[in-house]
Protein chains: 2
Amino acid sequence: MSNIGYDGHMELHEPDLSDVPVTAVLAALADDVRLRIVRALAEDGERVCGTFELGVTKATRSHHFKVLREAGLTRTRVAGTSRHIRLRRDELDRRYPGLLDAVLTDRADA
Amino acid sequence: MSNIGYDGHMELHEPDLSDVPVTAVLAALADDVRLRIVRALAEDGERVCGTFELGVTKATRSHHFKVLREAGLTRTRVAGTSRHIRLRRDELDRRYPGLLDAVLTDRADA
DNA sequence: ACCGATGTTCGACATTCGTCGAACAAGCTC
DNA sequence: GAGCTTGTTCGACGAATGTCGAACATCGGT
């Protein structure tokens, strides 16, 4: 994949929001597990990957984090062996005003 | 499917928005063809099914209209042999304030 | 009553997606 | 360095999804 940086670290693919089609953002949000992640991030600010209770294996969790990251929804900070994830709130609100609010302040999924 | 009404007409399945999970709404919007339909409806108000230029066969078009309808995004009025579709704007804005605006006023998909 | 126009439904098909276990990589601690 | 922890990657699998052509259903008009 040649995503290897000058120091041998795997570069995290975090696209510009202008490079992400809306449909990709919407698709990323259109999954229950990922929506729960996004909501937790909106509440708690930054969180470590492992601190989510999602009812799926860590392989699946990792997959969802990747989808969110590549859809431009999250940013990842590497610290030791763990990864800290946070919402790209400001950027998202600027590019899609109202989107996150609408999705996050949903009063009932049923 | 026993969606047959008292007069033999096929009842159109148009759910209450409270019965539709957000993820279903987002999934319905997370498709290029459907997004184009929704945008056209937002601009033109009500339109007849056949008047969309989408680059897919009518079977596929029909499929997408069904997805939109069952996700609570559109309402369908039957008139003779054609169907008139319109966005459920007000309801959607009430339940997901900002969602449609955010998706519709996107300045560039790229 | 026929015919044409408008949509829907029915398989069929290829692609994508969510999920898993297992193997791997990298960092921390003793 | 050995071992534990955290997280990613790699197939594999089944389920869901977008697409199509063909058949069907309805309605309007001639």
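Here the structure is a predicted model, which means the values were calculated and not measured. Below, chain A is the first sequence line, B the second, and so on; all start at residue 1. Note that these values count all heavy atoms, side chains included, but never hydrogens, waters or copies made by symmetry.
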**Asked** For A:Thr81, what residues pass the side chain to side chain contact (heavy atoms under 4.5 Å, CB included) criterion, not counting sequence neighbours?
**Response** none

**Partners passing salt bridge (Lys or Arg N to Asp or Glu O under 4.0 Å) against A:Arg36 (at least two apart in sequence or in another chain)** = A:Asp32

**Item:** Closest to side chain of A:His64, choosing from D:dT19, C:dT19, C:dT9
**Value:** C:dT19

**Request:** For the pair A:Arg95 and A:Asp16, find out whether any cationic side-chain nitrogen is under 4.0 Å from an anionic carboxylate oxygen.
**Result:** no

**Prompt:** Which nucleotide, D:dT19, C:dT9, C:dC28, lies nearest any side-chain atom of B:Lys66?
**Reply:** C:dT9

**Message:** Rounding to an integer number of Å, can you tell me how far B:Phe65 CZ sits from C:dT6 P?
**Reply:** 13 Å

**Distance, rounded to the nearest Å, where A:Arg77 contributes CZ and C:dG27 contributes P** = 16 Å

**Prompt:** Please give, in whole Å, the distance from C:dT16 C1' to A:His63 NE2?
**Reply:** 10 Å

**Message:** Measuring from the side chain of A:Arg34 (C-beta onward, heavy atoms only), which nucleotide among D:dT6, D:dT19, C:dG18 has the closest atom?
**Reply:** C:dG18

**Message:** I need the CG-P distance between A:Asp31 and C:dT16, as an integer number of Å.
**Reply:** 18 Å

**Request:** Find the distance A:His13:NE2 to D:dT8:C1' and express it as a whole number of Å.
**Result:** 17 Å

**Request:** Check side chain to side chain donor-acceptor pair (under 3.5 Å) between B:Glu91 and all other residues, then give those that pass, not counting sequence neighbours.
**Result:** B:Arg75, B:Arg88

All N/O pairs under 3.5 Å across the protein-nucleotides 11-13 of chain C interface:
none

**Asked** Between A:Gly80 and A:Val67, who's closer to the 5' end of DNA chain C by nearest nucleotide?
**Response** A:Val67

**Item:** Set of residues satisfying side chain to side chain contact (heavy atoms under 4.5 Å, CB included) with respect to B:Ala71, sequence neighbours excluded
**Value:** B:Ala28, B:Leu73

**Message:** Just to verify, what does A:Glu46 make a side chain to side chain contact (heavy atoms under 4.5 Å, CB included) with, not counting sequence neighbours?
**Reply:** A:Arg77, A:His84, A:Arg86

**Item:** Whole angstrom value for the distance that separates P of D:dT17 from CG of B:Leu35
**Value:** 18 Å

**Asked** Quick one: side chain to side chain contact (heavy atoms under 4.5 Å, CB included) partners of A:Asp31, sequence neighbours excluded?
**Response** A:Val33, A:Arg34, A:His64

**Request:** Check every atom of C:dA5, D:dG7, C:dT9 against the side chain of A:Arg83 and return the nucleotide holding the closest atom.
**Result:** D:dG7

**Message:** I need the residues from residues 43-61 of chain B with at least one non-hydrogen atom less than 4.0 Å from DNA chain D; give them sorted by number, or say none.
**Reply:** B:Val56, B:Thr57, B:Ala59, B:Thr60

**Item:** Atom-to-atom span, CG of B:Leu26 to C1' of D:dA16 - whole angstrom
**Value:** 17 Å

**Request:** Output the single nucleotide from C:dG18, C:dG7, D:dT9 whose closest atom is nearest the side chain of B:Ser82.
**Result:** C:dG7

**Message:** Filter on ring pair (Phe, Tyr, Trp, His ring centres under 6.0 Å), then keep only pairs touching residues 17-54 of chain B, sequence neighbours left out; what's left?
**Reply:** B:Phe52-B:Phe65

**Prompt:** Of B:Val38, B:Leu26, B:Leu35, which is the lone residue that meets side-chain contact (heavy atoms from CB on, under 4.5 Å) with B:Val103?
**Reply:** B:Leu35

